[in-house]
Amino acid sequence: MAGLGPLEIGLIILAILLLFGYKKLPDASRSLGRSLRIFKGEMKGMKDDDVRTKDAARTSPVRGEVLPPATAADREREALEAEARAAEARAAELRARATQAGPADSTR
């Protein structure tokens with residue numbers, strides 16, 4: 001270790017015993033061991049996820065298309081096209097209603 005002699009190690013053990021007490025020391029060490037085991041398992045899981053993600057990224061590259069930014073004219077054209085589609089849908093609905101109504105209602 002970093003230059004720890006027997007006296008320093010003895011003082012550290014004494015401080016731990018005073019801090020936890022001799023009755024709580026086994027429980028504290030058991031809890032510390034469980035925590036370290038859980039931490040180690042989680043770290044291993046994260047490393048496995050990284051490896052899977054990197055492998056998947058290498059085998060299936062993402063290809064995209066770069067589009068130019070939309071201009072005001074493009075936005076206006078899209079709005080007009082949407083309005084035209086809505087008008088066509090409304091006209092189709094009205095034609096369907098007229099077909100269902102039949103010739104008797106058209107004489108009024």
So the side-chain hydrogen bond (donor to acceptor under 3.5 Å, both in side chains) pairs with at least one residue in residues 72-84 (sequence neighbours excluded) are T71-D74, D74-R77
Measuring from S35:OG to K40:NZ, what's the distance to the nearest 0.5 Å?
14.5 Å
May I ask you to decide if F39's main-chain N or O and E42's side chain share a donor-acceptor pair within less than 3.5 Å?
no
One should read off an interatomic distance between I38 CD1 and M43 CE, to the nearest 0.5 angstrom, of 14.5 Å
Matching residue for I9 among L7, I13, I12, L11 - test: side chain to side chain contact (heavy atoms under 4.5 Å, CB included)
I13
Contacts of D27 meeting side chain to side chain contact (heavy atoms under 4.5 Å, CB included) (sequence neighbours excluded), chain-then-number -> R30
With sequence neighbours excluded, tell me which residues meet side chain to side chain donor-acceptor pair (under 3.5 Å) with R90.
E93
